[in-house]
Number of protein chains: 2
Amino acid sequence: MTAATSTRELAHPPRTDIRLEGVLHALSDPIRLRIVRELAAADCELACSHFGLPVAKSTTTHHFRVLRESGLIRQIYRGTAKMSGLRKDDLDALFPGLLDSVLGAADAQARRLGDG
Amino acid sequence: MTAATSTRELAHPPRTDIRLEGVLHALSDPIRLRIVRELAAADCELACSHFGLPVAKSTTTHHFRVLRESGLIRQIYRGTAKMSGLRKDDLDALFPGLLDSVLGAADAQARRLGDG
DNA sequence: ACGGTCGTTCGAGGGTCATCGTAGTTTGAC
DNA sequence: GTCAAACTACGATGACCCTCGAACGACCGT
């Protein structure tokens, strides 16, 4: 309210704090996996509201926070929107090939179960 | 006891029932990830008791069941011992490269955190 | 038959998690 | 200044999960 100022900063774990177990747990929820897939497909930052998730807004906030705190995504405020993007650089450096494998597996499963 | 006989059968999900979310969830627990890593390193079937896990026996049973029901491992009784082995064939067919990526990531993290 | 080893089952406790509704905050536009 | 839009914070609820101890069942020796 006073000077402190227009920067609403969000806490992100540094690269060295990202833990494999946390990443896997974050990806093990269907809604979060879907978010990550759309983020990877878009290959740019997306606003939370453009995902059309089948849950309440407060639940959406929760899932994005889990993704951010596990190190999977980076988030910044741009006006009233909160933009999210994959931390592909950090993840590839820590766990080479992991993200692509999971995304490929998700695609394969979606194809197999007959659903985009 | 009678004729029925030495077959104590264990229920395994068929390949087509294995779900990526379930696999990732199973791998997101430190103890289960450790089991999978040792299984991959051994490249053969191992008895539950040869893992020296830092939990009670009933907890060990629980973790092996989660791994089996998620489709990650195959288990058979051999005498009093229960042997476990990775379902590498099924996993590679469903999710090519996923298992190797996760194992590689686990190795990288173990190396980085200074621990075998 | 007996004892020991290996693993299971059951119930319970404690924790985390996904979900929601409501109320509130920040921001951009009029 | 006011208003709507985007997101957050808070409390609550119900589910799931990791853990354990104690009692039981299956198997292999002797």
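In the text below, chain A, chain B and the rest are named by the order of the sequence lines, each starting its count at 1.
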| message | C:dG7, OP1 or OP2 - any side-chain N/O from B:Thr60 closer than 4.0 Å? | response | no

| request: Ignoring the backbone of A:Val66, work out which of C:dG7, C:dA18, D:dC7 is nearest its side chain. | output: C:dA18

| request: Would you mind telling me which of D:dC17, D:dA9, C:dG28 lies closest to the side-chain atoms of B:His25? | output: D:dC17

Identify the pairs formed between an N or O of the protein and an N or O of nucleotides 11-15 of chain D at a distance under 3.5 Å, and give each distance.
none

| field | Ionic contact status for B:Arg37 with B:Asp107, cut-off 4.0 Å | value | yes

| query | Can you find a heavy atom in the side chain of A:Gln109 that is under 4.5 Å from one in the side chain of B:Glu21? | reply | yes

| request: When you get a sec, tell me which of C:dA18, C:dT26, D:dC18 is the closest nucleotide to the side chain of A:Arg8? | output: C:dT26

| message | Any salt bridge linking A:Asp90 with A:Arg74? Criterion: basic side-chain nitrogen under 4.0 Å from a carboxylate oxygen. | response | yes

Report all interatomic pairs (protein N or O, nucleotide N or O of nucleotides 19-23 of chain C) with separations under 3.5 Å.
{"from": "C:dT19", "atom 1": "OP2", "to": "A:His63", "atom 2": "NE2", "distance (Å)": "2.3"}
{"from": "C:dC20", "atom 1": "OP2", "to": "A:Ala56", "atom 2": "N", "distance (Å)": "2.7"}
{"from": "C:dC20", "atom 1": "OP2", "to": "A:Thr59", "atom 2": "OG1", "distance (Å)": "3.0"}
{"from": "C:dG21", "atom 1": "N7", "to": "A:Ser58", "atom 2": "OG", "distance (Å)": "3.3"}
{"from": "C:dG21", "atom 1": "O6", "to": "A:Ser58", "atom 2": "OG", "distance (Å)": "2.8"}

| query | Is A:Lys88 salt-bridged to A:Asp43, cutoff N-O under 4.0 Å? | reply | no

| query | Under a 4.0 Å N-O cut-off, is there an ion pair linking B:Arg34 with B:Asp29? | reply | no

| Contact under 4.0 Å: A:Arg32 side-chain N or O vs C:dA18 OP1/OP2 | yes

